[in-house]
Asker: 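My questions will all concern the structure given below.
Bear in mind that the values here come from a model prediction, so they are computed numbers and not experimental data. In listed order, ligands and their atoms are each counted from 1.
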Amino acid sequence: MCGIIGIAGQSAVADRLLESLRRLEYRGYDSAGIATLVDGRIERRRAEGKIDRLAARLAEEPLAGTTGIGHTRWATHGAPSEANAHPHATDRLALVHNGIIENHAALRKELIARGHRFSSETDTEVAAVLITDLLAGGASPKDAVAAALKRLEGAFALAIVFVGKPGLIIVARRGSPLALGFGQGETYIGSDAMALAPLSRRIAYLEEGDWAEVTPDGATIYDEAGRVVARPVRMAESTGALVGKGNYRHFMLKEIHEQPVVLGDTLKGCLALDMRLPRLPPLAFKPEEATRWTLIGCGTAHYASRVAKYWLEELAQVPVESELASEFRYRRAPLDPKGIALFVSQSGETADTLAALRHCKANGLHTIGVVNVPESSIAREVEVSLPTNAGPEIGVASTKAFTTQLAVMATLAIAIGLARRTIDEKRARALAEALIEVPARMTEVLARAAQFRTLAQTLAAARDVIYLGRGTCYPLALEGALKLKEVSYIHAEGYAAGELKHGPIALIDDVMPVVVLAPPDHLYEKTASNVEEVIARGAKVIFISDARGAAQFKDRALATVEMPDVDPFAAPFLYALPVQLLAYYTAVLRGTDVDQPRNLAKSVTVE
Ligand code: G6P
């Protein structure tokens with residue numbers, strides 16, 4: 001994982017590198033560092049922890065130099081210490097790295113045998129020392145990097161500056177994204193266009209296997225075979241402004257409250273509002289003819305796809321699998337060439353999801369993306385990308401990306417159902433109407449957010465929490481548990497309510513909070529019976545349902561939450577709010593770092 005930035009420039013770079021690192025902090029915040037070339041020598045500053053620590057370090061000891069590289073780290077190999085922070089430097093170069101060098105152990109052994117010494121526990125330092133070894137043997141920077149790339153295994157992106165080579169950065173992309181930005185007498189490199197936004201909007205993406213010599217005058221790009229290649233330069237859409245928190249204490253809370261607006265924006269993109277019918281972009285294939293759909297993602301995006309599985313199966317009557325990208329990509333499952341693979345990802349950079357996409361493309365499947373970042377690798381590599389229009393999501397715990405992913409897939413399910421004639425136009429319009437109502441109903445729930453702050457006191461005092469749901473609220477229960485774990489560090493599990501009696505019910509005692517998501521759908525009575533079972537065993541139930549459901553459990557549940565009436569089809573959108581708000585307020589009570597919880601990163605670019 002990690003974020004990379006670099007400037008081959010003409011004026012001081014340290015402050016600008018720092019500003020870009022802040023934009024990359026979503027990729028990890030275990031440590032950060034910058035190296036610049038000053039009179040041909042390498043100078044660097046590194047700090048354990050977040051970018052602010054590096055900023056403080058640079059304030060104490062500023063860094064000159066007009067060419068430099070920077071890095072923000074999500075630790076894979078080696079603890080998040082200053083010694084393990086990038087850039088890693090030798091007497092000849094400094095290097096930053098995103099990804100994993102898989103054969104690091106063998107290379108380290110070999111390099112130690114050749115007399116080299118290591119000062120960190122990272123896989124990264126192996127690349128630095130290997131290139132140094134080749135330079136010591138007389139190779140030029142370009143030849144040394146070319147030779148080293150042949151020996152490095154894994155998925156990674158690298159950026160390297162060299163002692164005595166002012167103005168030169170060599171970069172390489174294998175598996176991890178890397179973009180070049182072009183300015184006036186300056187050239188930039190970065191992990192994504194957002195990091196480059198304040199520097200340049202003229203962006204070219206390196207392709208798989210590409211590497212490049214970057215100087216203030218531009219870049220010479222080579223493909224894997226070493227041939228000079230041209231990559232298209234395009235204007236990036238990303239905004240130059242850093243996104244702020246507004247009046248909210250945390251990005252997570254701001255993003256929760258943005259949902260009515262961004263959901264409306266997303267629906268505008270995929271519904272013809274006047275016609276009350278879904279609108280798909282022009283496709284070069286007929287999705288209604290697909291014999292099978294495979295929905296692939298990680299984390300919250302995976303849970304969104306698990307909701308969509310219910311919708312597509314019911315409305316389009318087509319077999320659907322919802323897969324974890326990290327499992328799917330290695331499973332050697334038989335792939336149906338008449339199938340469609342759909343990739344769900346906020347960042348569009350998640351390594352496992354991207355690898356699964358490439359696997360499906362190589363096997364001839366049609367591919368669709370449901371992606372939030374339009375310039376991302378997944379958005380660019382799928383045949384058709386359906387944007388979620390959530391705007392930048394900064395809080396590490398995904399919220400608005402989840403509900404906008406749901407919106408895109410809900411309209412897709414209606415569209416496919418219509419095209420397959422498994423639903424008629426009247427039903428399609430009714431479902432679309434239900435979606436159009438969601439933003440207003442969400443606003444009602446958000447206006448009563450304070451009740452979740454009170455309920456959070458129960459969760460904040462718990463050691464474990466169980467979430468229950470059925471049908472489309474089963475994935476919501478999983479998402480609720482994930483949200484609580486990631487931001488409050490409280491152990492939580494989500495279960496299908498009907499599955500509880502097959503084991504997990506043994507966990508229930510009189511201190512265990514059980515959060516139940518029970519919209520008034522055809523499964524309500526079944527869920528209610530399961531709730532009776534846990535109440536009989538003393539559980540503290542927080543029962544979330546409509547007015548009738550809330551009344552049913554008012555006297556026996558610890559608390560009931562009354563949700564607005566909605567069509568059951570739209571329930572997952574609304575029931576996402578209580579699980580997000582409960583997690584948020586619980587985390588605040590526990591005093592965790594809500595927007596950047598420990599050990600996590602927003603975009604996981606290692607497998
Ligand atoms: C990380 C994030 C999660 C996110 C998951 C998938 O684990 O912390 O919030 O759901 O990655 O990310 P993606 O960008 O592919 O949606």
Asker: Distance-only check: which donor-acceptor pairs under 3.5 Å involve side-chain atoms of residues 456-471, not counting sequence neighbours?
Answerer:
unit_1, atom_1, unit_2, atom_2, d
Asp464, OD1, His491, ND1, 2.7
Arg470, NE, Asn530, OD1, 3.2
Arg470, NH2, Asn530, OD1, 2.9

Asker: Side chains of Glu349 and Ser377: any donor to acceptor distance under 3.5 Å?
Answerer: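 A donor-acceptor contact under 3.5 Å links the two side chains.
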
Asker: What residues form a side-chain hydrogen bond (donor to acceptor under 3.5 Å, both in side chains) with Ser191, not counting sequence neighbours?
Answerer: none

Asker: Report the relative orientation of the aromatic rings in His71 and His86; use parallel for angles under 30°, tilted for 30 to 60°, perpendicular for over 60°.
Answerer: parallel

Asker: Listing request: all ring pair (Phe, Tyr, Trp, His ring centres under 6.0 Å) pairs with a residue in residues 360-415, at least two apart in sequence or in separate chains.
Answerer: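 Applying ring pair (Phe, Tyr, Trp, His ring centres under 6.0 Å) to every pair that reaches into residues 360-415, excluding sequence neighbours, yields Phe285-His366.
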
Asker: Does the distance from a Lys or Arg side-chain N to an Asp or Glu carboxylate O, for Glu383 and Lys361, drop under 4.0 Å?
Answerer: no

Asker: Tabulating one pair per line, provide the atom names and distances (0.1 Å) for every N/O atom of ligand 1 that is less than 3.5 Å from a protein N/O atom.
Answerer:
unit_1, atom_1, unit_2, atom_2, d
ligand 1, 8 (O), Ala601, O, 3.1
ligand 1, 9 (O), Val396, O, 3.2
ligand 1, 10 (O), Thr300, N, 3.0
ligand 1, 12 (O), Thr350, OG1, 3.3
ligand 1, 14 (O), Ser345, OG, 3.4
ligand 1, 14 (O), Gln346, N, 3.4
ligand 1, 14 (O), Ser347, N, 2.7
ligand 1, 14 (O), Ser347, OG, 2.6
ligand 1, 14 (O), Thr350, OG1, 3.4
ligand 1, 15 (O), Ser345, OG, 2.6
ligand 1, 15 (O), Thr350, OG1, 2.4
ligand 1, 16 (O), Gln346, N, 2.6

